[in-house]
Amino acid sequence: MLDLKFVREHLDLVKEKTAQQGMDLDVSEFERLDEERRRLLAEVESLKHQRNQVNREIAERKKAKEDAAEIIAEMKAVSARIKELDSLTNAAITAVNDFLLQLPNIPDDTVPVGQSDEDNPVVKTWGEAPQFDFEPLNHWDVGVALDILDFKRAAKITGARFSLLKGPASNMERALINYMLDLHTREHGYTEVLTPFMVNSDSMYGTGQLPKFAEESFKLEGWDYYLVPTAEVPVTNIHRDEILDGDDLPLYYTAYTPCFRSEAGSYGQDTRGMIRQHQFDKVELVKFCRPEDSYDELEGLLANAEAVLQGLGLHYRIVSLCTGDLGFSAAKTYDIEVWLPGQGRYREISSCSDFTDFQARRANIRFRPDSNSKTELVHTVNGSGLAVGRTMAAILENNQQADGSVVIPEVLHKYMGGMTVIEKTA
RNA sequence: GGAGAGAUGGCCGAGCUGGCUGAAGGCGCUCGCCUGCUAAGCGAGUAAGGGGGGAAACUUCCUUCGAGGGUUCGAAUCCCUCUCUCUCCGCCA
C-alpha cells in the first residue's frame, strides 16, 4: 500500500506510474473520497471535543452533588449525532483505504520501461547451455521413462497440475531443499524458520495477495485460512504489527514451504510437467532492512539465489522486469531464468524483489532507527532461493544422457546417500 | 470435545463497586548529575495512529487498554459475540 499523504501530494506521479503498468486511475474519485474523509473527520472530532469537555463538567457537578440533568439531556443529542457521523466517517476511511489497496507499488527509477515480458532486458548470463549429441527430452519424458515421475497417478489421486515423485526423484526433492537451506543458513547468514502452511486473511493482506488476487489462492472452506501461495506470506508476517529494534536490522530469514496456487488464468499453459503446478516446494529468502539499504539488499539476495544454481552447475540468465511486467507489490524485480534444453528456452526459477515500504505499510512493520527517534517503516526484500520443482526439472533436462540416465549434481550426492546418477531400474 | 482463568504501553504488572487513568508501580531505554574505573546512586524524559496550525523546534485536538457490537451524558472498567493464551478432563499423531 502506498502512503496516503504521498498519494495526495503526488497524484500526477501516481497516475503516470500506474499507467505504465496498464492501470487507468480515476484521480478525481480519489480526491473526492479523500476530501470527504477529512471533512467528516474534522466535524466528528470537534463534536467529540465538545463531548469530552462537557463530560468533565458533568463529572465535577456530580462530585459536588449539583444537578446536571440539563446538560446531560443536551449531550444526549450530541452523542446521537456523533454516532451517525462515526459510521459515515468509518465508511469514508474504508473507501479511501480500499482505493489505496488497489494501487500497485511505484516502480523504482532504475526499472526499465516496457509493456510486457518481451521488454525485460537480460542483465546477466552465467554458464553455458550444455551440448547434446542427441535430441534432449523434456523433463517429464525423462522422469516418466526413469519411473521417477508419475503424473497419471497424481491426477488420479487429486487432479491435474499435481505430481507424484518416486524413489530417486522424491529423494532429490528432499536433497535440493536441504542443500538450499544449508547453503543459505551456513554461508549466507539466513535464519531458518518453519512456518504454518496456512495463513489467515490478515497475513494475506499484509503481503498484498489480498484483496486483488483472491482467485489465485486456495481458501479453506468454512475457515478464514488460506494455503500459503509462497513462504513470503508467513515469513513476512512474522513481524506484522511489530516495532523492531533498529540495531537488529537487517533480519534475514529462509524458509522451506510447499506453495499452493490455483493458477487461474493460465489454462492451456505448461499443462505438462512440473513447471506449473497447484502445489510445489520452494525455499524462500526474506529480508527486513532499513530503507536506505534495500536496493543493496536486493542485489545481495539475488546473488544468494544465484549461488544455488552455480552450485548445481545450471546455466541461467537474469532479467530485470520492466514496468509492464512488474508485480503488484514490487518496486523492482529480477527474475532468474534457468535454461531448459528439453524445452529449448529459459524459464523463471526465482523472482527477487524489493518491495520498499509497500508490504511494511500494509503489514505495519516498523523499526526505531535509534532509541530516541520516531518509528519508520522497514523495507522488505524477498526472493525464491529457489523453486524446487523447477530446479529438479532443470536438472533432469540439463543432466540427461543418451541412455536416458541423469547425472546428479555433486553437491547433492551427500544428501542422496552417495548416489551419483539416476538410472532406469529393471 | 467438556470445565474454568485470562488478554492493559518496548517488557512485567496495578486498575475492573463506570467520571482529571493514556492509564499507578517496576524493568528497560535516553539525557544530565555524582563516585578515580566498573557496579551502585540521584534527577528528568520515554506509546502508537490520525486531523488542524507552524519553515522548523513545536503545538493543539481526536482515537486506541485482544477484535467487533451494545448499555450510558460518559466505559480499560457493565452486557453480548468472536479470536487468541493458560490450567484441568477427554481424545489423538
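Only this structure's heavy atoms are used, side chains among them; waters, hydrogens and symmetry mates stay out. Proteins come first, then strands; the chains are lettered A, B, ... in the order of their sequence lines, and each starts at number 1.
Distances shown here put a side-chain N or O of A:S79 below 4.0 Å from the OP1 or OP2 atom of B:G74. Dashed line: the shortest gap from a side-chain N or O of A:H49 to OP1 or OP2 of B:C61 is not under 4.0 Å. Close to B:G50, at under 4.0 Å from its OP1 or OP2, lies no side-chain N or O of A:R38. Regarding contacts with the backbone of B:U63, a side-chain N or O of A:N52 is found under 4.0 angstrom from either OP1 or OP2. Between B:C73 and A:K76, a contact under 4.0 Å exists linking OP1 or OP2 to a side-chain N or O.
Among the atoms of the strands shown, none is found under 4.0 Å from any heavy atom of A:D245. Counting any heavy atom pair closer than 4.0 Å across all strands shown, A:K62 reaches a base atom. Residue A:T375 is in sugar-phosphate contact alone, with no base atom involved, counting any heavy-atom pair closer than 4.0 Å across all strands shown. Residue A:R37 is classed as a sugar-phosphate contact, given heavy-atom separations below 4.0 Å to backbone atoms only. At a threshold of 4.0 angstrom between heavy atoms, the contacts of A:R56 with the nucleic acid are absent.
The distance between the ring centers of A:Y253 and A:H239 falls below 6.0 angstrom. Ring pair A:F328/A:F213: centre-to-centre distance below 6.0 Å. For A:F30 and A:F99, the distance between ring centers is under 6.0 angstrom. Side-chain rings of A:Y252 and A:H184 stay apart, their centers remaining 6.0 Å or farther from each other.
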